[in-house]
Every structure is written in C-alpha cells, then in structure tokens.
S.K.: 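Right, I'll just put the structure down here and ask away after.
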Protein chains: 2
Amino acid sequence: MVQLDDLDRAILRILKEDARLTISEIAERLNRPESTIHFRIKKLQERGIIGKYTIVLGEDLQPKALAIVYIQAETPIIEDFLERYIRHIMKTLSLLPNVLTVARSGKDGVVALVGEESPEKLNRFVDETIKVLPTLKRVEVIPIDEFGKGSGLVGFLVGV
Amino acid sequence: MVQLDDLDRAILRILKEDARLTISEIAERLNRPESTIHFRIKKLQERGIIGKYTIVLGEDLQPKALAIVYIQAETPIIEDFLERYIRHIMKTLSLLPNVLTVARSGKDGVVALVGEESPEKLNRFVDETIKVLPTLKRVEVIPIDEFGKGSGLVGFLVGV
DNA sequence: TATGAAAGACATCATGT
DNA sequence: ACATGATGTCTTTCATA
C-alpha cells in the first residue's frame, strides 16, 4: 500500500499548486534542508506517486460551453456487436479535439465531456455528431454551467 | 484573441507531456536555439496561456471506482430558495475529499464526479450522502468504468 | 533516512546580429 | 527571431551520521 507521511503530503500539495517551485523554495517553506526535499521528491517519483509533471492551459484556450453527454446504445441480439459498436463510438469521439474526455459506462454506455466556444455550437455538435449515431437508445446532455470544485480540469484536458 | 504559431503549439504539447524537461532539451527536440525557447515560454506564461505547472498523482492514490452523479432539485414555490439550496449542496459536496469535481447544471441541477475505493463504497456514498438530501427530484448515477480519453484527469483531481 | 557541502548543470539576462 | 557569453541560482551527488 501507499504510505505517505506529513512531509510527503506537504510536498505533494505544494507541487500541485506550483510544480515549478525550486527545491530550495520548497525547503525554505517547510523548514527542511534542500537535500531532504530532493530525496523525498526523488522517492515520490520512483514510487510513481508523482505520476507526471504537466501544465494547465489558461482560460483563453478553454472552451466556454461544456456538457457531459451520456450515450446509451440499444442492446442488439448479438452481444458481440454491442461491444464492438461501443468501442467504435469511443474511438470516434476520442479523435475529436472538442471532446475532452471519453469513458465507458457499463455494457452499453459511453460518457463524454464535450467543449465548444458557445452553447449554440455545443448543441449543434451534439445534434450533428452524436445524435446521428445509429441505434442509440438514449442521449442525455448535462450542461456544465459553473464549477464549484475542480474547475482546473478544463485547462488540464484541453489540447493545442 | 489568442494567437499561437506552430512553435508555440509544439512547446505547449511538449510541456503537457513533461513539464520538467529543461529548456535545452526542448530546444534540441525542436531544433531551435535555447534562447528562442526560453523567450517563447516566458511569453506564454506572461500571456496566461500557460496557466500553471502542476503534478498528476499516480494510480496508487487514485480512487478505483468512479461515477458521475447528476442531481436535480425540486423546483420550489419560492425561486430564491432553489438558488440558495443549490449553492448549499455544491458547497457541501465540495468539502468531501472523495468528491473530485462539483459543477452547476442549469437552474436546478448539480453534477459531481465522485470517486471511491470500490463500487460498493461508491454506492454506499451515493445512498447515504447524496440520496438523503431533501427535496430532490432526480438522482442519476453514471458509472465510469474505463477511460478512452482524458484518463489523466483523475490523478490531476485527486487530493492528498 | 536525514543532512551539509561541494561540483556541475541550468536558467536568465544583456548585448548584438 | 536568433546567437553568444557572463552570472548567479538550482539540482544533484556523495560522504557522513
């Protein structure tokens, strides 16, 4: 199992806020020697607790209108067809730049997080790209109007 | 407007992959002088196109079972009550560590991304913490079983 | 595992093309 | 936009506890 002490957690929280702080700065904030911070971070990386370092893009590049789209396919006679059809939908959606996330939901479902410049474009996208997919039992669109927690995820997901 | 040329985009893509690469390494990959890369990155930061540098936590710290939970509140006689009630729900959920994201959806809706160690715990959480909220018209649980795109978001959102 | 010190690598900045 | 060089800072390593 994963064992983290207070120092590890403190370091992780600081890096989450700003991964570009230097070891010396972190050391200063936590009142520890640089070599200790360096050692801990190295271990956290080796243990895979720090998965990777990345950037979050700013608001200018983020889509202004977001929605979660839940798709449910009709259950066909042949079970194997459903499986391949779901995979196909996921693959297709994944290739679109305005589809930020694609995930499977149960045997016959797919959820996607979709972003567009405006609510109108978003609706059009859903109508013209998703609702036209054949043999869908259900398409549910859940608009996202304002984040209360985790708003950073858009800048994290959006591509260039 | 946001204007990015190919070099900017190339740099952003590289930093998204690994924000700890040195300027010299990036310069080498893109066959450009270090000074140019340094200049571009500085500009990207100043322009707010690079919002922040952060870390993504590894799988060990991530919840194994995920679901999107969509809550719709009953529309009350007094309009202002709905507004405050929705805000209250969002605030409450935001404080819970296993609630990774909270967002508003329309006038009467809240969407949350919830994570737990196991599907059983996840169900229990939904039953005991969400479904018990008063005056809900609807609670929809969309399980997330497997990511096709954007899987990194869990490690990005999870706390320590 | 923690620490201190020392060596090497790096970012940063100024200047000029 | 690119090149070069000077400077100071940071990372990294290693010896020691």
Side-chain angles (χ1 to χ4, degrees), chain A residues 1-62 97 152 155-160, chain B residues 1-62 97 152 155-160:
Chain A
M1 282 292 89
V2 197
Q3 211 62 286
L4 297 177
D5 65 12
D6 289 347
L7 181 55
D8 289 325
R9 269 186 285 270
I11 292 171
L12 291 174
R13 274 193 290 267
I14 289 176
L15 288 178
K16 251 187 174 301
E17 267 313 302
D18 184 357
R20 258 187 59 125
L21 289 175
T22 64
I23 290 182
S24 359
E25 281 166 331
I26 299 170
E28 203 172 325
R29 289 197 195 186
L30 299 176
N31 289 311
R32 300 291 175 104
E34 296 178 11
S35 45
T36 300
I37 305 299
H38 179 259
F39 179 77
R40 290 300 189 106
I41 292 180
K42 202 173 135 197
K43 285 294 173 197
L44 288 168
Q45 286 166 352
E46 285 170 9
R47 293 204 273 161
I49 290 165
I50 295 176
K52 72 182 222 175
Y53 292 78
T54 189
I55 55 173
V56 178
L57 299 183
E59 310 234 329
D60 290 355
L61 259 54
Q62 297 177 21
F156 171 75
L157 291 170
V158 72
V160 288
Chain B
M1 280 285 90
V2 196
Q3 213 59 291
L4 297 176
D5 65 10
D6 289 349
L7 181 55
D8 288 324
R9 271 186 283 270
I11 292 172
L12 291 174
R13 275 194 289 267
I14 288 177
L15 287 178
K16 252 189 173 300
E17 267 313 301
D18 182 358
R20 259 188 56 126
L21 290 175
T22 63
I23 290 183
S24 358
E25 281 165 330
I26 299 170
E28 202 171 325
R29 290 196 196 187
L30 299 177
N31 289 309
R32 302 291 175 106
E34 296 181 11
S35 49
T36 301
I37 305 298
H38 178 256
F39 179 75
R40 292 300 190 106
I41 292 181
K42 203 175 137 195
K43 285 295 174 197
L44 289 169
Q45 285 169 173
E46 285 171 5
R47 292 204 272 162
I49 290 165
I50 295 177
K52 70 183 220 175
Y53 292 78
T54 189
I55 55 172
V56 178
L57 300 182
E59 311 235 329
D60 290 356
L61 258 54
Q62 296 178 21
F156 171 75
L157 291 169
V158 71
V160 288

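Convention: sequence-line order gives letters A, B, ...; per-chain numbering from 1.
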S.K.: Do any of residues 32-39 of chain B sit with a heavy atom less than 4.0 Å from DNA chain D, and if so which?
M.R.: B/Arg32, B/Pro33, B/Ser35, B/Thr36

S.K.: Under the side chain to side chain contact (heavy atoms under 4.5 Å, CB included) rule, collect the residues that match up with A/Glu46, sequence neighbours excluded.
M.R.: A/Lys42, A/Lys43

S.K.: Determine whether A/Thr36 and A/Leu30 make a side-chain contact, defined as any pair of heavy atoms from C-beta on separated by less than 4.5 Å.
M.R.: no

S.K.: Which is the 5'-most and which the 3'-most nucleotide of DNA chain C that has an atom under 4.0 Å from a heavy atom of chain A?
M.R.: C/dT1 to C/dT12

S.K.: Starting at CD1 of B/Ile26, measure out to CG of B/Leu21 and round the result to the nearest 0.5 Å.
M.R.: 5.5 Å

S.K.: Short of 4.0 Å, heavy atom to strand atom, which residues of residues 19-28 of chain A count as contacting DNA chain D?
M.R.: A/Thr22, A/Ile23, A/Ser24

S.K.: Would you tabulate the side-chain donor-acceptor contacts of residues 7-18 of chain B under 3.5 Å, counting partners in other chains and residues two or more places apart, or write 'none'?
M.R.:
{"unit_1": "B/Asp8", "atom_1": "OD1", "unit_2": "B/Arg40", "atom_2": "NH1", "d": "3.0"}
{"unit_1": "B/Asp8", "atom_1": "OD2", "unit_2": "B/Asp5", "atom_2": "N", "d": "3.4"}
{"unit_1": "B/Asp8", "atom_1": "OD2", "unit_2": "B/Arg40", "atom_2": "NH1", "d": "3.4"}
{"unit_1": "B/Arg9", "atom_1": "NH1", "unit_2": "B/Leu4", "atom_2": "O", "d": "3.2"}
{"unit_1": "B/Arg9", "atom_1": "NH2", "unit_2": "B/Leu4", "atom_2": "O", "d": "3.0"}
{"unit_1": "B/Lys16", "atom_1": "NZ", "unit_2": "A/Phe156", "atom_2": "O", "d": "2.5"}
{"unit_1": "B/Asp18", "atom_1": "OD1", "unit_2": "B/Arg20", "atom_2": "N", "d": "2.9"}

S.K.: If you take all heavy atoms of B/Leu57 and B/Gly159, which pair is closest and at what distance?
M.R.: CD1-O, 4.2 Å

S.K.: When rounded to the nearest 0.5 angstrom, what is the spacing between CD1 in A/Ile49 and CD1 in A/Ile41?
M.R.: 12.5 Å

S.K.: Walking along DNA chain D from 5' to 3', note the first and the last nucleotide with an atom under 4.0 Å from a heavy atom of chain B, and give both.
M.R.: D/dA1 to D/dT12

S.K.: Rounded to the nearest 0.5 Å, what's the gap from CG on A/Leu157 to CD on A/Gln62? Could you check?
M.R.: 9.5 Å

S.K.: Under the side chain to side chain donor-acceptor pair (under 3.5 Å) rule, collect the residues that match up with A/Glu59, sequence neighbours excluded.
M.R.: none

S.K.: With sequence neighbours excluded, what pairs up with A/Thr22 under the side chain to side chain contact (heavy atoms under 4.5 Å, CB included) test?
M.R.: A/Ser24, A/Glu25

S.K.: Going by salt bridge (charged side-chain N to carboxylate O under 4.0 Å, His left out), name the pairs with one or both residues in residues 27-38 of chain B, residues two or more places apart or in two chains.
M.R.: none

S.K.: With axes from five pairs an end, tell me the bend angle of the helix from C/dT1-D/dA17 to C/dT17-D/dA1, nearest 10°.
M.R.: 30°

